[in-house]
Amino acid sequence: MSTKKLSKDDFQSFITRLISTERAYGIQTKDEAFDFAPLEAAEDLRLDYDVSLQPPKKYFQPPVETLLDFEVGGAFKSVIDNEPFVLIGVHPYDMIAINQMDELFSQDNYDTHYMTRRKNATIIAVDVVTPSKNVFASSMNTATVDKGFDILLTDIGDSYVIEAATDKALTLIAGAENIIDATKDDLDARQKIWDKNSKGLNKHELKCKPSYLPKLLDKAYDHPVWEEKAKTCFACGSCNQVCPTCYCFNVFDEVDWDIKKGQRKREWDGCLLSGFTKVAGEHEFRDKQADRFRHRLYRKGKYVPAKIGGQIACVGCGRCVNGCLPGIANPVDIYNRLVDDLGIG
Ligand code: SF4
Ligand code: SF4
């Protein structure tokens with residue numbers, strides 16, 4: 001671990017050199033919003049962004065990917081994307097979501113496709129400068145992050161404090177001109193930003209500790225809120241698509257026109273979509289929208305936490321709140337309603 005400081009001008013030169021040698025993706029403006037995209041010029045990088053349209057999960061689990069090529073007769077060959085890349089501008093809550101995905105994709109059935117991309121990634125995270133209109137990371141204890149990244153940047157005015165956490169990071173910053181050791185004043189300035197974000201990224205305040213959610217949901221399976229909310233749900237799946245901790249996928253085969261070879265692929269799926277639980281014989285074991293709506297909130301607050309040591313699988317990014325047209329997807333609204341009706345304890 002090494003803590004340095006780099007002026008913003010020198011940082012821009014550092015990024016210019018970086019993208020001339022590495023495959024790099026960075027946060028940029030897109031149609032008056034922000035999103036991650038291939039980074040072609042350092043000036044395009046917008047580390048002051050509020051929230052990206054899509055979380056960075058697409059670089060580890062693409063919306064559609066080929067898993068293997070096969071031939072009739074049984075021969076097959078895995079397709080693995082093995083090219084290193086640098087991802088620049090990941091917010092702490094998204095970094096925590098990636099840390100959770102790392103645990104999920106490496107336990108039970110180790111997912112070679114996800115984990116190969118993850119190992120090939122160099123992540124440059126950045127502390128939040130501009131809170132988005134629906135962020136509630138402070139409520140979820142995800143406003144700051146202390147692991148998973150290679151580099152963490154903190155904007156302290158005319159410079160960045162640079163935490164280099166891995167050997168990859170030390171190699172990268174070794175090439176930065178005019179980089180100097182951070183002083184005590186620099187570290188104090190960073191701590192002030194961490195303290196501010198720990199409280200201030202909170203446009204929706206959860207009325208209980210996140211660690212209480214599994215117990216709260218133990219009491220809520222038959223609560224009327226699921227039916228009430230689901231009445232206006234379009235089953236569009238937007239809340240799944242934009243969520244950094246949703247990772248469900250569907251696997252299917254595409255056979256070439258000559259019926260001699262093909263590809264096995266997987267694509268994002270979403271538990272709010274009708275047909276998500278359809279199995280052989282057209283049987284659908286979660287065919288009511290209210291059940292699907294409840295399932296998403298149970299995944300975030302109970303089922304996934306049971307697999308990853310109690311970590312709550314909502315990191316408070318607020319994207320589902322932004323993306324839901326009828327305004328029913330906000331997890332805080334629902335959990336707070338359950339706290340009001342069922343109490344704490
Ligand atoms: S449930 Fe909503 S707020 Fe929570 S991580 Fe997913 S998209 Fe973000
Ligand atoms: S975004 Fe809203 S309307 Fe669409 S599936 Fe999710 S909860 Fe339903």
Side-chain angles (χ1 to χ4, degrees), residues 33-36 49-58 60-61 90-101 103-104 128 131-143 145 201-206 208 210 213-214 216-217 225-248 268-277 286-305 308 311-338:
F34 295 99
D35 214 357
F36 289 91
Y49 76 109
D50 55 359
V51 67
S52 58
L53 287 172
Q54 285 284 339
K57 72 177 178 184
K58 64 185 178 183
F60 306 103
Q61 187 194 1
V90 175
H91 274 164
Y93 50 79
D94 278 335
M95 189 66 246
I96 289 169
I98 292 169
N99 292 342
Q100 292 185 2
M101 293 302 104
E103 283 192 48
L104 289 158
V128 175
S132 68
K133 65 179 179 183
N134 282 309
V135 67
F136 55 94
S138 306
S139 272
M140 307 311 290
N141 300 331
T142 56
V145 64
L201 304 184
N202 216 18
K203 301 296 171 67
H204 306 277
E205 190 163 353
L206 188 64
C208 65
L213 291 175
L216 179 69
L217 291 171
V225 72
W226 316 119
E227 291 282 355
E228 284 168 26
K229 296 280 183 189
K231 273 184 196 152
T232 54
C233 178
F234 299 143
C236 65
S238 297
C239 50
N240 295 131
Q241 267 221 339
V242 298
C243 181
T245 66
C246 276
Y247 61 92
C248 289
W268 290 357
D269 206 343
C271 57
L272 267 292
L273 298 171
S274 69
F276 177 71
T277 59
R286 205 180 297 126
D287 62 346
K288 294 193 183 71
Q289 195 60 21
D291 293 350
R292 291 194 284 269
F293 189 90
R294 176 178 57 197
H295 183 77
R296 170 173 165 260
L297 277 299
Y298 269 67
R299 281 286 284 184
K300 306 293 170 205
K302 181 171 164 62
Y303 302 151
V304 173
I308 53 171
Q311 298 171 72
I312 300 301
C314 167
V315 293
C317 70
R319 291 186 182 94
C320 60
V321 190
N322 300 337
C324 178
L325 285 179
I328 54 171
N330 187 345
V332 175
D333 282 352
I334 296 157
Y335 294 142
N336 282 352
R337 164 82 181 277
L338 296 176

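Whatever order the structure lists ligands and atoms in, that order sets their numbers, starting from 1. Computed from a predicted model, the values in this text were never measured in an experiment.
- Y49 meets the ring-ring contact (aromatic ring centres under 6.0 Å, His included) test with H91; sequence neighbours excluded.
- Not counting sequence neighbours, T142 has no partner by the side-chain hydrogen bond (donor to acceptor under 3.5 Å, both in side chains) test.
- Applying the 4.0 Å criterion to heavy atoms of F234 picks out, from ligand 2, the atoms 3 (S), 8 (Fe).
- For the ligand labelled ligand 2, residue L325 lies outside the 4.0 Å heavy-atom shell.
- One N or O on the side chain of N336 and one on the backbone of E205 form a donor-acceptor pair closer than 3.5 Å.
- For NZ of K288, the number of neighbouring non-hydrogen atoms (other residues, nucleotides, ligands) closer than 6.0 Å is 12 at most.
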request  = Using the side chain to side chain contact (heavy atoms under 4.5 Å, CB included) rule, take V145 and N99 through it: C-alpha gap first, then chi angles, then the decisive distance, then the call.
outcome  = CA-CA 10 Å; V145 64; N99 292 342; 4.2 Å; yes
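- Protein residues having at least one heavy atom under 4.0 Å from any atom of ligand 1 are F136, C243, P244, R296, K300, C314, V315, G316, C317, G318, C320, P331, listed by chain and number.
- Contact between G237 and L272 at its shortest, heavy atoms only, is CA-CB, 4.3 Å.
- Applying the ring-ring contact (aromatic ring centres under 6.0 Å, His included) test to F34 and every residue at least two apart in sequence or in another chain returns nothing.
- The distance from ligand 2 to the heavy atoms of P326 drops below 4.0 Å at these ligand atoms: 3 (S).
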